[in-house]
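Note that these values count all heavy atoms, side chains included, but never hydrogens, waters or copies made by symmetry. Sequence lines set the chain letters: A, B, ... in the order given, protein chains first and strands last, and positions in each chain run from 1.
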Number of protein chains: 2
Amino acid sequence: MNGENNFFKSAFSVDNVIFGFDDGDLKVLLIKRGAAPFQGLWALPGDLVYPNEDLDTAAYRVLEELTGLKKVYLEQVHTFGSVDRHPLGRVITIAYFSLVKISDFTLMASSFAQNVEWHNVDEAMKSELAFDHNTILETCFNALMHRVRIRPVGFELLPPKFTLTELQHLYEAILSTELDKRNFRKKILSMSLLTDIEEYQEGVPHRPAKLYQFNKERYQQLEAHGFSFEVKESKKKEKKKRLAELIAQ
Amino acid sequence: MNGENNFFKSAFSVDNVIFGFDDGDLKVLLIKRGAAPFQGLWALPGDLVYPNEDLDTAAYRVLEELTGLKKVYLEQVHTFGSVDRHPLGRVITIAYFSLVKISDFTLMASSFAQNVEWHNVDEAMKSELAFDHNTILETCFNALMHRVRIRPVGFELLPPKFTLTELQHLYEAILSTELDKRNFRKKILSMSLLTDIEEYQEGVPHRPAKLYQFNKERYQQLEAHGFSFEVKESKKKEKKKRLAELIAQ
DNA sequence: GGTTCTTAGTGTTTAAATTACAGCATTTTA
DNA sequence: TAAAATGCTGTAATTTAAACACTAAGAACC
């Protein structure tokens with residue numbers, strides 16, 4: 001925080017970690033900064049919150065301006081406010097993550113088309129982003145990993161009709177793990193949250209898979225009755241072995 | 001947001017939901033407001049964040065000024081920023097919860113002694129608090145319920161030496177549930193996170209219980225090896241019955 | 001000193017959930 | 001019609017969770 005700009009005493013912004021899922025890959029939408037500070041680096045989309053604007057509204061606005069999408073999953077995650085996180089003054093930022101269906105929009109619609117890109121999440125986390133956006137991205141990714149295990153939000157990243165294999169790949173990408181196909185299907189189907197629409201994939205060079213839809217009404221119904229969604233990671237064997245050794249001293 | 005005070009354009013504050021546990025009861029520390037707005041109502045302790053102060057630092061400061069305690073568990077939960085949440089201007093607030101051992105301090109040390117009180121959490125949630133503090137309290141209580149199930153933070157609310165029954169009562173108070181004594185003890189002890197210090201309660205009018213200490217080093221060791229703490233609520237019978245009916249249509 | 005009161009402490013059986021694991025089925029393409 | 005690719009299915013073994021009731025120890029009272 002230097003004194004360069006006295007007018008700019010303190011402000012708050014929102015930053016949005018927009019996740020998408022494409023071809024087995026978890027992605028995040030980044031913008032290349034055209035101006036200082038951090039010119040040329042990739043950054044999370046965000047903006048200052050207007051004086052008469054609620055925080056969530058600001059987050060939705062950023063998202064809509066960038067993608068044209070209105071009805072998307074959005075969740076506040078954490079607020080970052082280190083004194084020196086913004087080189088031009090005191091700006092705290094409220095971080096959100098949102099989940100969008102990549103197929104729902106073309107980035108070209110945006111005026112910054114050239115400077116907006118989907119990045120693989122792992123690679124984005126390893127590369128240098130503007131401001132403290134590496135920290136924000138990591139925090140939001142962890143939040144997503146956590147959410148996806150206890151709420152059926154993964155569907156927000158898939159097209160309305162999807163196959164069980166696509167759903168499994170989604171979970172595997174987010175949780176960085178491998179899941180057993182049979183057990184996964186058994187578990188998911190036993191929740192009766194998916195509607196079998198009696199349709200099949202088309203144009204695939206192999207046996208086409210059944211398509212399913214997420215049944216949101218059903219979920220809300222079940223949830224109201226105490227049902228709790230939960231997907232676990234696997235790979236417990238090694239962990240347990242190590243643990244057993246440890247306990248045995 | 002009215003124009004009464006133009007200087008006060010926008011600011012950010014921290015509010016702290018300070019939980020304590022006493023005699024089987026989960027409590028929250030509230031301050032009675034001495035001045036408008038909301039004069040006479042109970043409110044969460046909080047303060048504006050200084051221009052050169054990090055958010056967490058501000059939260060710790062509020063806590064220390066009020067209780068004299070420095071090393072306490074503190075966690076950011078959510079940021080509240082409705083345009084009209086503060087009648088004097090735009091103030092967004094970052095909410096924290098902290099867990100303190102009530103026995104560690106006397107409120108009398110504080111200058112506002114008379115206006116600071118521990119309130120039963122359930123009652124506080126039902127009563128009218130200043131600003132949007134009902135919402136904040138509820139959000140933080142939910143966050144606590146959640147945290148306590150997946151991280152061993154409950155110990156922060158107990159004295160260093162405690163009995164298994166006290167620990168169970170703590171969980172029952174936070175999760176609003178009843179736990180089976182034998183299953184609870186079996187589960188907790190099987191985690192080998194407690195040190196049996198070979199001491200017993202004194203001055204109780206019945207058979208004295210063994211005292212235990214939480215072994216933090218052990219926990220960190222286990223955690224690093226993939227161990228995951230988890231305490232579940234009980235009462236699944238009714239839920240499952242209802243669920244079964246529902247699935248059967 | 002013994003009876004009563006109160007909380008501490010302990011194991012087993014049953015049910016449910018999770019895990020591991022492999023081969024046949026269906027479609028497209030060559 | 002053979003090969004390639006992915007879809008799809010069930011059972012047995014293990015682990016975890018759930019239900020449940022009596023004896024033990026000390027304090028208080030008579």
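When ring centroids are compared, B:F155 and B:F162 come within the 6.0 Å threshold. Taking the six-membered ring where the residue is Trp, the centroids of B:Y171 and B:H169 are separated by 6.0 Å or more.
In this structure, CG of A:L164 is placed 9 Å from P of D:dG7, rounded to the nearest angstrom. Remark: P of D:dT16 and CZ of B:F227 are 12 Å apart, rounded to the nearest angstrom. Put simply, CZ on B:F184 is 15 Å from P on C:dT10, counting in whole angstrom units. Rounded to an integer number of Å, the gap from CG of A:L189 to P of D:dT9 is 8 Å. Going from atom CG of B:L167 over to atom C1' of C:dG9 covers 16 Å, rounded to whole Å. A:E230 has its CD atom 8 Å from the P atom of C:dT18, to the nearest Å. We find that OH of B:Y200 is positioned 17 Å from C1' of D:dA27, with the value rounded to whole Å. We find that CE of B:M191 is positioned 9 Å from P of D:dA17, with the value rounded to whole Å.
When the local axes at the two ends of the helix from C:dG1-D:dC30 to C:dA30-D:dT1 are compared, using 5 base pairs at each end, they differ in direction by 0° after rounding to 10°.
Not one N or O on the side chain of B:Q168 forms a donor-acceptor pair closer than 3.5 Å with the backbone of B:F184.
Taking the six-membered ring for Trp and thresholds of 30 and 60 degrees, B:F97 and B:F19 have ring planes more than 60 degrees apart, a perpendicular arrangement.
Listed candidates were D:dT6, D:dA21, C:dG9. Nearest to the side chain of B:R182 is D:dA21. Each of D:dG26, D:dA28, D:dG7 was ranked by its minimum atom distance to the side chain of B:P205; first place goes to D:dA28. The side chain of B:K187 sits closest to D:dA17 out of C:dT6, D:dG10, D:dA17.
Remark: the A:E217 side chain and the A:Y219 side chain contain no N/O donor-acceptor pair separated by less than 3.5 Å.
Of the side-chain N and O atoms in A:R185, one or more sit less than 4.0 angstrom from OP1 or OP2 of D:dC8. Listed pair A:T165 / D:dT6 fails the phosphate criterion, with no side-chain N or O lying under 4.0 Å from OP1 or OP2.
Electrostatic pairing of B:E230 and B:R151 does not count as a salt bridge here, judged by no charged N lying under 4.0 Å from a carboxylate O.
In this structure, A:K210 reaches the sugar-phosphate backbone alone: every heavy-atom distance under 4.0 Å involves primed, P, OP1 or OP2 atoms, never a base. Across all strands, B:K186 comes closer than 4.0 Å to base atoms (heavy-atom distances). Across all strands shown, A:K181 has heavy atoms under 4.0 Å from base atoms, whether or not it also approaches the sugar-phosphate.
Between B:V204 and B:R207, the residue anchored nearer the 5' end of DNA chain D, judged by the nucleotide with its closest heavy atom, is B:R207. Nearer the 5' end of DNA chain D, as judged by each residue's closest nucleotide, is the contact made by A:Y212, out of B:G203 and A:Y212.
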Output a table of donor-acceptor pairs, distance under 3.5 Å, between side-chain atoms of residues 201-211 of chain B and any protein atom two or more places apart or on a different chain; print 'none' if there are none.
unit_1 : atom_1 : unit_2 : atom_2 : d
B:Q201 : OE1    : B:A209 : N      : 3.0
B:K210 : NZ     : B:D196 : OD2    : 2.7

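Atom CD of A:E223 is surrounded by more than 12 heavy atoms from other residues, nucleotides or ligands within 6.0 Å.
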